[in-house]
Amino acid sequence: TQASVAVVGGRLYTMANTRKKGGSVICVDLATREILWAGQTTGNGPANATPTVDDGRVFGLSVDGGLHCFRADTGERLWSKHLQRDLGGGKKPNWQFAESPLVDGGRVIVTPGGEDAALAALDKKTGEWSGNAPCPTSCAGRTSTRSTRASPSARRGASASTSRCCTAWAPSAWPRRMESSSGATAA
């Protein structure tokens with residue numbers, strides 16, 4: 001397990017493989033050190049992502065690309081999406097999926113890694129897709145150090161122009177509104 005922990009309101013949240021459930025988001029009471037719940041995720045590999053806790057919800061990303069939202073108090077699964085099947089993600093990276101979902105207001109943002117889905121935004125309460133942000137055109141044809149398609153040797157040999165390209169797409173440069181393929185926008 002490579003996941004770290006999130007501590008909120010006397011509870012510890014993490015991801016791990018359990019004997020009974022495989023990949024899981026786990027909630028532990030810090031006072032009693034008892035596991036309060038373990039919500040099963042997809043995938044049965046190492047837990048690489050730290051869950052994100054926000055507004056009574058816990059968001060966890062499994063190694064196979066399953067994004068899961070659980071109630072923080074009970075562990076009830078509220079919704080699930082898959083980065084590749086549901087959100088336009090690219091090829092699964094050799095190291096599998098490993099990120100902590102970002103919550104921004106009413107959205108949860110993940111990086112499926114597809115050409116048309118460098119970022120994907122979902123409504124954090126319902127899991128409804130609200131838009132994708134494609135790979136920046138300024139990076140077209142370049143190998144990104146974060147690319148899911150780049151070989152390990154290409155990532156190690158990333159040029160200075162590639163680094164500039166990747167840093168040009170820092171969170172401050174993310175669009176305030178993401179446009180969906182239907183032309184609808186998400187604020």
Side-chain angles (χ1 to χ4, degrees), residues 1-18 20-30 34-90 92-93 95-114 116-133 148 171 174-178 180-182 184-187:
T1 296
Q2 298 171 356
S4 188
V5 300
V7 177
V8 177
R11 292 182 173 194
L12 177 144
Y13 300 91
T14 192
M15 294 186 72
N17 277 332
T18 64
K20 293 181 181 177
K21 293 191 175 200
S24 298
V25 173
I26 298 171
C27 173
V28 177
D29 183 299
L30 289 174
E34 291 182 34
I35 294 176
L36 299 176
W37 57 263
Q40 188 171 4
T41 63
T42 54
N44 207 9
N48 293 333
T50 301
T52 301
V53 183
D54 182 72
D55 195 24
R57 292 171 176 77
V58 182
F59 304 92
L61 181 68
S62 63
V63 295
D64 78 334
L67 175 63
H68 307 277
C69 176
F70 300 94
R71 280 184 52 154
D73 57 351
T74 65
E76 172 192 359
R77 182 190 312 270
L78 299 173
W79 55 262
S80 294
K81 296 289 181 185
H82 194 276
L83 269 60
Q84 292 172 299
R85 291 189 296 270
D86 300 324
L87 302 175
K92 183 171 22 173
W95 56 89
Q96 301 185 358
F97 288 99
E99 69 179 85
S100 297
L102 171 69
V103 174
D104 179 28
R107 299 184 294 188
V108 60
I109 300 171
V110 291
T111 57
D116 294 324
L119 292 176
L122 299 101
D123 182 287
K124 75 177 182 182
K125 292 181 180 178
T126 65
E128 291 298 314
W129 174 81
S130 60
N132 284 354
T148 59
W174 290 353
R176 293 303 302 160
R177 301 175 68 78
M178 292 193 198
S180 73
S181 59
S182 67
T185 58

What distance separates [X] [atom1] from [Y] [atom2], expressed to the nearest 0.5 Å?
X	Y	atom1	atom2	result
Arg11	Cys27	CZ	SG	4.5 Å
Ser62	Gln96	OG	CD	9.0 Å
Leu87	Leu67	CG	CG	7.5 Å
Lys81	Trp129	NZ	CH2	11.0 Å
Phe97	Asn48	CZ	CG	11.5 Å
Arg107	Leu119	CZ	CG	9.5 Å

Please report the closest heavy-atom contact between [X] and [Y], naming both atoms and the distance.
X	Y	value
Gly88	Pro112	C-CB, 4.4 Å
Lys124	Gly105	NZ-O, 3.3 Å
Thr52	Pro101	OG1-O, 2.5 Å
Ser130	Leu122	OG-N, 3.9 Å
Glu99	Ile109	OE2-O, 4.4 Å
Arg71	Trp37	O-CZ2, 3.5 Å

With side chain to side chain contact (heavy atoms under 4.5 Å, CB included) as the criterion, how do Arg57 and Leu78 come out once you've worked through the C-alpha distance, each side chain's angles and the decisive distance to 0.1 Å? CA-CA 9 Å; Arg57 292 171 176 77; Leu78 299 173; 4.0 Å; yes
Is the closest side-chain heavy-atom distance between [X] and [Y] below 4.5 Å?
X	Y	value
Val28	Glu34	no
Leu61	Leu83	yes
His82	Asp64	yes
Leu102	Val108	no
Ile35	Ile26	yes

Parallel, tilted or perpendicular, as decided by the 30° and 60° cut-offs, for the rings of Phe59 and Trp79: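 Answer is tilted, since the angle falls between 30° and 60°.
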Please walk me through it: do Val5 and Thr50 pass side chain to side chain contact (heavy atoms under 4.5 Å, CB included)? CA-CA 6 Å; Val5 300; Thr50 301; 5.7 Å; no
Sub-3.5 Å donor-acceptor pair from the side chain of Ser24 to the main-chain atoms of Asn17, do we have one? no
Side-chain donor or acceptor of Thr126 paired with backbone N/O of Glu128 under 3.5 Å: yes
Applying side chain to side chain contact (heavy atoms under 4.5 Å, CB included) to Tyr13 and Val8, what does each step give before you reach the verdict? CA-CA 8 Å; Tyr13 300 91; Val8 177; 4.3 Å; yes
Name all residues meeting the side chain to side chain donor-acceptor pair (under 3.5 Å) criterion together with Arg77; count only those two or more places apart in sequence or in a different chain, and write none if there are none. His68, Ser80
